[in-house]
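Letters A, B, ... are given to chains in the order of the sequence lines, protein chains preceding strands, and every chain is numbered from 1.
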Protein chains: 2
Amino acid sequence: MAAASSRRKVTSSAALVSHDVQSRLKGDILDGRFPPGSKLGTALLQETYEASVGTLREALSHLRSEGLVEMEAGRGFRVAPVSAEDLRDVSALYIEFEERAAVDSVRHGGDAWETDVLTSFHRLARIEALPREERIQRSSEWLLCHRAFHDALVSGCRSRWLLRLRAPLYDHMERYRLLSQKHRPLSMHKRREHELIREAALSRRAEEVGELLRQHLEETTQTVLRHAPQFMPGAG
Amino acid sequence: MAAASSRRKVTSSAALVSHDVQSRLKGDILDGRFPPGSKLGTALLQETYEASVGTLREALSHLRSEGLVEMEAGRGFRVAPVSAEDLRDVSALYIEFEERAAVDSVRHGGDAWETDVLTSFHRLARIEALPREERIQRSSEWLLCHRAFHDALVSGCRSRWLLRLRAPLYDHMERYRLLSQKHRPLSMHKRREHELIREAALSRRAEEVGELLRQHLEETTQTVLRHAPQFMPGAG
DNA sequence: CTTTAAAAAACTTTCGAAACTCTGTTGCGT
DNA sequence: ACGCAACAGAGTTTCGAAAGTTTTTTAAAG
């Protein structure tokens with residue numbers, strides 16, 4: 001009841017349950033609900049997402065090529081494992097790509113880019129301004145906004161391939177961040193950093209954006225690495 | 001008839017028709033049998049590869065995330081289009097990754113790496129030494145050996161992620177090369193270049209390997225770009 | 001003759017069951 | 001008791017048909 005569906009399917013568009021399952025599964029892997037290395041059996045997934053085997057398989061197949069899921073022929077799927085080494089590897093490349101894409105965006109981004117940065121920052125800032133309590137409660141919303149802000153920053157980059165390759169790296173970084181987050185206090189000073197980045201970006205100070213981003217991301221990685229032993233079974 | 005299957009499935013290993021279909025389909029896209037932009041309809045594929053819809057879908061799904069296939073919800077799959085701009089983009093990143101991975105391999109590769117480079121070069125050289133006629137006839141074999149040589153060169157790289165991201169770029173480069181090959185004479189001087197690269201690699205002259213590789217690859221890209229108008233519908 | 005709307009054909013997407021493979025167990029032989 | 005082989009259970013992989021969209025065709029009205 002309530003409001004009848006107010007959104008109109010103008011031309012059509014894609015319900016596509018396969019895509020929906022993929023998103024949810026990805027989310028559940030990123031936030032550790034399916035821990036690294038755990039088995040993704042047919043029965044369990046079918047029960048969890050209420051989709052058929054084929055549909056699940058398609059979603060898993062896609063996640064596999066993003067490196068979040070591994071497959072052993074005849075033995076099904078598992079969540080990709082984590083390790084300090086892998087984190088350092090992912091992180092180094094991600095930071096580099098992000099910096100390059102952001103610098104290029106600042107130098108060549110158009111009106112659409114500026115608008116994107118502005119609005120996505122605004123949304124992020126609103127959540128980050130909240131008191132700690134509420135900020136934690138709405139953390140899934142923060143995740144979306146944080147991703148949107150970083151995506152917006154690099155969205156002006158002229159190399160489609162650099163952006164394409166960056167995407168899965170962001171996911172892996174987010175997984176590591178979330179896995180470690182349960183074992184450490186929430187850092188609240190990122191808010192200021194985001195503000196500085198936005199400021200530099202909109203003022204078209206490319207070099208400075210690169211510097212700030214690199215610092216911002218490297219610090220995050222260090223923090224996560226510091227707490228690695230607590231969420232990675234056999235990591236020193 | 002002939003020899004009964006002499007290969008033993010020791011522990012098992014993966015028949016996995018899905019993987020097989022994927023390989024063949026990828027090959028057919030790379031060599032232009034399915035031209036850029038062409039539709040990959042269910043019926044056609046089912047007839048070509050003799051697999052069920054679900055299996056096809058899984059293969060397509062995987063190829064999609066490598067960027068060789070595109071999907072529009074509700075409208076099925078198409079072969080990814082080509083353009084001069086895309087080629088320049090892919091090429092720049094591929095060259096950079098290849099150079100970095102190769103240099104790292106030369107500096108840190110162990111015995112296994114050396115052996116790989118040695119044997120894969122040997123196989124490649126044997127084919128490239130053939131007279132033009134035969135060399136062309138066995139071009140599919142050359143493709144495999146060429147790929148194996150380049151893979152071997154970078155296989156010592158310590159960054160798993162750099163290698164992982166490099167892989168799909170190689171495929172795209174190969175597609176462009178093959179598409180343009182029908183419109184230009186086969187260049188025969190690559191043979192010497194491969195030899196120089198092998199020499200420098202096994203002598204652990206990292207810088208030189210990087211230089212040679214970059215030149216080698218950049219020249220290829222330029223050659224392909226020069227013939228672009230002939231195989232890209234609307235490219236200048 | 002053009003435009004619009006309804007019906008049909010073609011196609012994509014999803015499903016659930018059949019076929020097959022792996023894993024752990026039980027029973028037999030040494 | 002130990003090792004090996006056949007057996008049973010669980011799980012993965014593949015298939016072909018049903019359900020749902022998009023595109024084309026057809027027909028009617030302006």
Can you tell if the side chain of A/L63 reaches within under 4.5 Å of the side chain of A/K26, non-hydrogen atoms only?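 Result yes, sub-4.5 Å side-chain heavy-atom pair found.
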Side-chain touch A/R123/A/F149, heavy atoms, less than 4.5 angstrom: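 The answer is no, as the side chains (C-beta and beyond) never meet within the 4.5 Å cut-off.
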If I take atom [atom1] in residue [X] and atom [atom2] in nucleotide [N], what distance separates them, rounded to the nearest angstrom?
{"X": "B/E50", "N": "D/dT14", "atom1": "CD", "atom2": "P", "answer": "15 Å"}
{"X": "B/L60", "N": "C/dC11", "atom1": "CG", "atom2": "P", "answer": "16 Å"}
{"X": "B/E58", "N": "D/dT12", "atom1": "CD", "atom2": "P", "answer": "13 Å"}
{"X": "A/L56", "N": "D/dT14", "atom1": "CG", "atom2": "C1'", "answer": "15 Å"}
{"X": "A/R64", "N": "D/dT13", "atom1": "CZ", "atom2": "P", "answer": "10 Å"}
{"X": "A/M71", "N": "D/dT12", "atom1": "CE", "atom2": "C1'", "answer": "9 Å"}
{"X": "B/L44", "N": "C/dC11", "atom1": "CG", "atom2": "P", "answer": "10 Å"}
{"X": "A/D20", "N": "C/dT14", "atom1": "CG", "atom2": "P", "answer": "10 Å"}

Test: A/R177 cationic atom under 6.0 Å from A/Y170 six-membered ring centre, within 45° of axis: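 Yes, cation above the ring, under 6.0 Å and within 45°.
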Which residue lies more 5' along DNA chain C, comparing B/G41 with A/S52 via nearest heavy atoms: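 In this pair, the answer is B/G41.
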Nearest to the [X] side chain among [options], which nucleotide is it?
{"X": "A/T55", "options": "D/dT23, C/dC15, D/dT12", "result": "C/dC15"}
{"X": "B/S18", "options": "D/dT14, D/dT13, C/dT13", "result": "D/dT14"}
{"X": "A/T42", "options": "C/dC22, C/dT12, D/dT13", "result": "D/dT13"}
{"X": "B/V53", "options": "D/dA17, C/dC15, D/dT23", "result": "D/dA17"}
{"X": "A/K39", "options": "D/dG11, D/dG16, D/dC15", "result": "D/dG11"}

Indicate, with a heavy-atom threshold strictly under 4.0 Å, whether A/G54 touches base, sugar-phosphate, or nothing. nothing
Could you tell me whether the phosphate oxygens of C/dC11, OP1 or OP2, come under 4.0 Å of any side-chain nitrogen or oxygen in B/R75? no
If you apply the rule ring-ring contact (aromatic ring centres under 6.0 Å, His included), what do you find for B/H19 with B/H62, and how did you get there? CA-CA 10 Å; B/H19 190 275; B/H62 203 264; 8.2 Å; no
Side-chain donor-acceptor contact under 3.5 Å, A/R184 with A/H227: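 The criterion, which ignores hydrogens and geometry beyond distance, is not satisfied for A/H227 and A/R184.
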